[in-house]
Amino acid sequence: VINPHSKGSVTLKVMEYSYDDDLEELCPVCGDKVSGYHYGLLTCESCKGFFKRTVQNNKRYTCAENQECKIDKTQRKRCPFCRFQKCLSVGMRLEGKRKHLLPQQKKDTFLTH
DNA sequence: TTAGCCTTGAAA
DNA sequence: TTTCAAGGCTAA
């Protein structure tokens, strides 16, 4: 913005845009803060660990309700079954067992903010 | 069992 | 050499 009141000088005002609203930084599973890519997508540290444990030890859970439990940061512990279901539904996959397999370029998803 | 921090190793 | 996600570790 050019200040019309300044004579010889020009003041430039930089508009700092804050899209605080939807800056996808939340785990698609529980809404916690993401810590990076885990099993294919951005998730939080806890869901990463949960998914890992579940897969590694072949955990089998059962839902006490109708397998429709809402998963959020405070209820995620409540129903592992629904939590795992959600992990799968949002796209978590165990396609990167360490020690082999090429992660190739999964650069299809950017963080173009 | 959960979840945050740490180690590791393949890819860039 | 740096990056960063998989897997390890462990306090609570």
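We name chains A, B, ... by the order of the sequence lines, and we start the count at 1 in each one.
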Integer-rounded Å distance: [N] [atom2] and [X] [atom1]:
| X | N | atom1 | atom2 | value |
| --- | --- | --- | --- | --- |
| A:L94 | C:dG7 | CG | P | 8 Å |
| A:F51 | B:dT1 | CZ | P | 18 Å |
| A:M92 | C:dG7 | CE | P | 11 Å |
| A:D32 | B:dC5 | CG | P | 12 Å |
| A:H38 | B:dG4 | NE2 | C1' | 11 Å |
| A:N57 | C:dG7 | CG | P | 12 Å |
| A:F50 | C:dG7 | CZ | P | 16 Å |
| A:R53 | B:dT2 | CZ | C1' | 5 Å |

Below 3.5 Å between N/O atoms, which protein atoms pair up with nucleotides 8-10 of chain C? Just atom names and distances, please.
unit_1, atom_1, unit_2, atom_2, d
C:dG8, OP2, A:Q56, NE2, 2.9
C:dG8, N7, A:K52, NZ, 2.7
C:dG8, O6, A:K52, NZ, 3.3

Open item on the list: Can you classify the ring geometry of A:F51 versus A:Y39 as parallel (below 30°), tilted (30 to 60°) or perpendicular (above 60°)?
Closed with: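 A:F51 and A:Y39: tilted rings.
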Task: Nucleotide nearest A:S46 when distance is taken to its side chain, options B:dG4, C:dA6, C:dA5 - done: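 Output: B:dG4.
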Task: Within 6.0 angstrom of A:K33 NZ, more than 12 heavy atoms from elsewhere - done: no
Task: Sidechain-backbone polar pair: A:K86 side chain, A:V29 backbone, donor-acceptor under 3.5 Å - done: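 Judged by distance alone, yes, a pair lies under 3.5 Å.
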Task: Side-chain (A:R60) to main-chain (A:T54) donor-acceptor, under 3.5 angstrom - done: no
Base, sugar-phosphate, or nothing: which does [X] touch, judged by heavy atoms less than 4.0 Å apart?
| X | result |
| --- | --- |
| A:R83 | sugar-phosphate |
| A:R76 | sugar-phosphate |
| A:G36 | sugar-phosphate |

- [ ] To the nearest 0.5 angstrom, please state how far the CZ atom of A:R76 sits from the SG atom of A:C82.
- [x]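 So the CZ of A:R76 and the SG of A:C82 are separated by 15.5 Å.
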Open item on the list: To the nearest 0.5 Å, what is the distance between NZ on A:K73 and OG on A:S46?
Closed with: 7.5 Å
TODO: Tell me whether the OP1 or OP2 atom of B:dA3 has a side-chain N or O from A:K73 closer than 4.0 Å.
DONE: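 False: A:K73 side-chain N/O out of range (4.0 Å or more) of B:dA3 OP1/OP2.
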Task: Under 4.0 angstrom between A:Y39 side-chain N/O and C:dG7 OP1 or OP2 - done: yes
Task: A:F50 six-ring face occupied by A:R83 cation (under 6.0 Å, within 45°) - done: yes
